[in-house]
Amino acid sequence: MKVLFMGTPDFALESLQAIYEAGFDICGVYTQPDKPAKRGMKLTASPVKLYALEKGLPVFQPAKLRNEPEVLEEFKALGADIAVAVAYGKLIPEDMLESVPMGFINIHGSLLPKYRGSAPIQWTVLNGEELGGVTSMYLAPEMDAGDIIDMVSTPVGEYETYGELYDRLKVIGAELLVKTLKSIENGTATRTPQDPALVSYAPPLHREDCPIDWTRPARRVIDHICGLAPKPAATAQFGEETFKIYAAVMGCETDLPAGKIVEQTKHGLAVACGDGKSIVITELQAPGGKRMKTADYLRGHKISN
RNA sequence: CGCGGGGUAGAGCAGUUCGGUAGCUCGUCGGGCUCAUAACCCGGAGGUCAUGUGGUUCAAAUCCCAUCCCCGCAA
């Protein structure tokens with residue numbers, strides 16, 4: 001069974017690595033074109049590309065998939081029996097989906113049909129879900145709407161960040177992919193349509209989603225911080241400065257109005273929230289500075305509002 | 001050559017504008033006080049001020065030049 005892989009960031013790399021090590025015959029790897037990124041705008045190759053090159057797998061980086069006959073021909077010529085897309089970064093057009101005999105499957109970072117879209121793991125944490133997970137499914141023309149093959153759930157920790165859950169799910173997702181491919185290969189895979197009544201969406205997050213709303217209950221503020229850490233990171237304004245907030249724990253009761261600093265201790269910075277409780281910020285980053293423990297920051301700075 | 005911030009003791013910072021004794025808050029080590037302590041008091045150790053044994057100067061953390069590394073924005 002020849003497998004074609006499409007993916008871009010480290011989340012996808014984990015899956016590629018897993019199927020490579022599981023011995024699947026990988027006939028091609030698609031990934032996003034190298035892009036100028038970071039300081040200095042240097043051209044940067046994706047983690048998936050670097051790995052594929054290292055293993056001698058053929059790499060393809062088309063800029064566009066839709067309405068590109070040559071790209072489709074090249075794709076078909078690889079003769080894949082099955083194709084896998086994991087965090088590839090482009091919607092795959094219908095004619096390409098249909099050109100693969102055994103189907104085009106996908107690993108998604110949520111328990112579908114919840115959290116369709118590009119930021120499922122963030123929204124799982126942002127909404128304080130007790131369970132997160134990954135789903136394997138057949139791709140459909142509509143985003144994340146395909147029939148479900150299999151899924152694995154995992155409890156979300158009390159203070160688990162998006163980044164931590166992401167790292168766990170990429171491993172679980174990679175295992176699920178291998179299992180799913182094997183089940184398709186030996187014919188035991190099932191397909192279950194998604195229940196339209198349960199569908200929800202996880203839209204991409206933007207800068208305006210970052211500022212903390214202190215009028216919300218403390219637990220919700222913590223979810224907000226965890227769901228955005230480490231990127232793009234929740235933000236809070238104290239005095240003139242806007243800080244990125246990376247970690248916080250539940251504090252104690254307080255009479256102070258929401259957003260006011262309750263106290264500064266060696267553990268962190270306690271701030272009042274909307275339900276009469278506070279949270280203690282334990283890790284933050286000032287403009288131009290490094291990310292550090294709040295206690296470290298307070299040794300050299302004062303914070304007030 | 002995308003824009004900006006930064007590198008000073010183990011940690012976090014001030015000092016750089018206007019060159020002139022290396023400072024602060026912690027930590028650490030020793031001692032004291034205390035029923036006790038993460039509290040308080042006293043004392044000590046710990047720095048090639050990122051690198052170039054670079055330039056200017058009587059004198060450079062500070063001014064000039066070059067390089068390296070880190071961070072944010074933007075993508």
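Proteins get letters first, then strands, A, B, ... in listed order; numbering begins at 1 in each.
Candidate nucleotides C73(B), G2(B), C71(B) were compared by shortest atom distance to the side chain of Met41(A), and G2(B) ranks first.
A distance of about 30 Å separates the C1' atoms of C63(B) and U25(B), rounded to the whole Å. The separation of U28(B) from G12(B), taken at their C1' atoms, amounts to 16 Å, rounded to a whole angstrom. With C1' as the reference atom, C35(B) and C29(B) are 26 Å apart, rounded to whole Å. Comparing the same atom, P, in C65(B) and in G5(B) gives a spacing of 15 Å after rounding to whole Å. One P atom belongs to G72(B), the other to U16(B), and the distance between them is 27 Å to the nearest Å. Straight-line distance between the C1' atoms of C33(B) and A22(B): roughly 32 Å, to the nearest whole Å. With P as the reference atom, A11(B) and U51(B) are 15 Å apart, rounded to whole Å. Nucleotides A66(B) and C71(B), compared at atom P, are 24 Å apart to the nearest Å.
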Worked verdict on Phe243(A) versus Tyr297(A) for ring-ring contact (aromatic ring centres under 6.0 Å, His included)
CA-CA 11 Å; Phe243(A) 293 86; Tyr297(A) 182 81; 5.5 Å; yes
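In this structure, Ile105(A) CD1 and Leu177(A) CG are separated by 5.5 Å, a value rounded to the nearest 0.5 Å.
Taken residue by residue, residues 292-302 of chain A places heavy atoms nearer than 4.0 Å to RNA chain B at Met292(A), Asp296(A), Tyr297(A), Arg299(A), Gly300(A), His301(A).
For the residue pair Tyr201(A) and Asp144(A), no side-chain donor N or O sits within less than 3.5 Å of a side-chain acceptor on the partner. Side-chain contact annotation: Lys290(A) with Gln285(A), donor-acceptor N/O pair under 3.5 Å absent.
At whole-Å resolution of the value, CD in Gln285(A) and C1' in G12(B) are 14 Å apart. We find that CG of Leu284(A) is positioned 13 Å from P of G12(B), with the value rounded to whole Å. The separation between Arg39(A) atom CZ and A74(B) atom P is 13 Å, rounded to whole Å. Between Lys231(A) atom NZ and C71(B) atom P the separation is 12 Å, expressed in whole Å. Put simply, NZ on Lys42(A) is 14 Å from P on C3(B), counting in whole angstrom units. Between the NZ atom of Lys38(A) and the C1' atom of C70(B) there is a distance of 13 Å, given to the nearest Å. Atom CD in Gln264(A) sits about 13 Å away from atom C1' in U25(B), given to the nearest Å.
Pairing partner, A11(B): U25(B), with both Watson-Crick or wobble hydrogen-bond distances short of 3.5 Å. With a cut-off of 3.5 Å on both pairing distances, U16(B) has no Watson-Crick or G-U wobble partner at all.
Nucleic acid contact for Arg291(A): none, since no nucleic acid atom lies under 4.0 Å from a heavy atom of the residue.
The 12-atom threshold is not exceeded at NZ of Lys35(A), counting heavy atoms of other residues, nucleotides or ligands nearer than 6.0 Å.
Centroid-to-centroid, the aromatic rings of Phe5(A) and Phe24(A) stay 6.0 Å apart or farther. Annotation: Tyr166(A) is in aromatic contact with Phe11(A) [ring centroid separation under 6.0 Å].
A sub-4.0 Å separation between OP1 or OP2 of A74(B) and a side-chain N or O of Arg207(A) is present.
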